[in-house]
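Inspection log for the structure reproduced underneath, given as structure tokens.
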Amino acid sequence: MDGSMIVDLLVGVPALLGSLCFLVAAVTMSRAGDALTRINILSVATGLGMMLFILAAYVHEVKAGFGWVPLIMALVALGATVVVTTVASMTLARAAYRADGRLDPLTAYDDIAEEY
């Protein structure tokens with residue numbers, strides 16, 4: 001196994017795993033009972049899947065040679081992904097709950113009900 005094959009695996013495996021995260025999330029979202037569950041599933045896909053895509057892109061960039069700019073760009077992208085997916089998921093969930101507060105009958109407790 002030569003070096004270029006290892007680098008290709010380091011790029012391809014995270015990219016495929018990221019794609020798998022989105023595929024599993026899409027299938028699971030189609031089976032979810034309510035909007036909050038769908039948003040919760042989407043946040044995992046965007047959080048983990050996007051991080052794997054960023055990792056794959058960074059390794060692809062490093063294949064040509066290490067540089068500080070791609071490393072800083074990857075770290076900023078990873079940090080922004082964490083912040084954006086967290087805030088977006090919470091905002092979407094609250095908006096969905098306020099628009100239509102029906103929950104799946106299997107939901108054990110409703111923490112948001114006390115706020116609205």
Side-chain angles (χ1 to χ4, degrees):
M1 191 182 291
D2 62 343
S4 67
M5 182 180 246
I6 292 172
V7 173
D8 288 342
L9 283 173
L10 289 175
V11 173
V13 170
L16 287 174
L17 288 175
S19 300
L20 185 65
C21 284
F22 280 97
L23 177 65
V24 169
V27 170
T28 309
M29 282 175 60
S30 69
R31 298 179 180 179
D34 62 355
L36 292 179
T37 305
R38 288 185 200 111
I39 292 167
N40 192 21
I41 294 167
L42 179 66
S43 67
V44 172
T46 55
L48 183 60
M50 284 303 295
M51 287 187 178
L52 288 169
F53 283 136
I54 292 167
L55 178 65
Y58 174 70
V59 173
H60 183 267
E61 195 70 26
V62 168
K63 192 164 65 171
F66 177 78
W68 286 103
V69 173
L71 177 64
I72 292 171
M73 288 173 54
L75 291 175
V76 169
L78 288 172
T81 299
V82 170
V83 171
V84 169
T85 57
T86 303
V87 172
S89 297
M90 290 175 58
T91 304
L92 282 172
R94 287 185 182 272
Y97 186 84
R98 291 181 79 178
D100 181 13
R102 290 180 292 159
L103 297 177
D104 189 280
L106 297 175
T107 302
Y109 54 91
D110 185 4
D111 285 344
I112 303 175
E114 297 170 5
E115 297 178 20
Y116 297 105

What are the two closest heavy atoms between [X] and [Y], and how far apart are they?
| X | Y | answer |
| --- | --- | --- |
| Ala56 | Ala15 | CB-N, 3.9 Å |
| Ile39 | Ala96 | CD1-CB, 3.8 Å |
| Arg38 | Met29 | NE-O, 3.5 Å |

Distance col, row Ile41:CD1 vs Arg31:CZ, nearest 0.5 angstrom, shows 10.5 Å
Pairs where [range] contributes a residue and the test salt bridge (Lys or Arg N to Asp or Glu O under 4.0 Å) is met, not counting sequence neighbours:
| range | value |
| --- | --- |
| residues 9-30 | none |
| residues 47-68 | Asp8-Lys63 |
| residues 39-55 | none |
| residues 67-83 | none |

Sequence-distant partners of Ser4, side chain to side chain donor-acceptor pair (under 3.5 Å), two or more places apart |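 By the side chain to side chain donor-acceptor pair (under 3.5 Å) rule, Ser4 matches Asp2.
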Distance-only check: which donor-acceptor pairs under 3.5 Å involve side-chain atoms of residues 43-55, not counting sequence neighbours?
unit_1 : atom_1 : unit_2 : atom_2 : d
Ser43  : OG     : Asn40  : O      : 2.7
Thr46  : OG1    : Leu42  : O      : 3.1
Thr46  : OG1    : Ser43  : O      : 3.2

Any side chain to side chain donor-acceptor pair (under 3.5 Å) involving residues 11-30? Give me the pairs, sequence neighbours left out, ordered by first then second residue.
->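 Passing the test, one end in residues 11-30: no pairs.
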Please list, chain by chain and in numerical order, all residues satisfying side chain to side chain contact (heavy atoms under 4.5 Å, CB included) with Ala26, sequence neighbours excluded.
->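 By the side chain to side chain contact (heavy atoms under 4.5 Å, CB included) rule, Ala26 matches no residue at all.
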Can you list the residues that meet the side chain to side chain contact (heavy atoms under 4.5 Å, CB included) rule with Val62, with sequence neighbours excluded?
-> Tyr58
Side-chain donor/acceptor pairs under 3.5 Å, residues 66-88, sequence neighbours excluded:
unit_1 : atom_1 : unit_2 : atom_2 : d
Thr81  : OG1    : Ala77  : O      : 2.7
Thr85  : OG1    : Thr81  : O      : 2.6
Thr85  : OG1    : Val82  : O      : 3.3
Thr86  : OG1    : Val82  : O      : 2.7

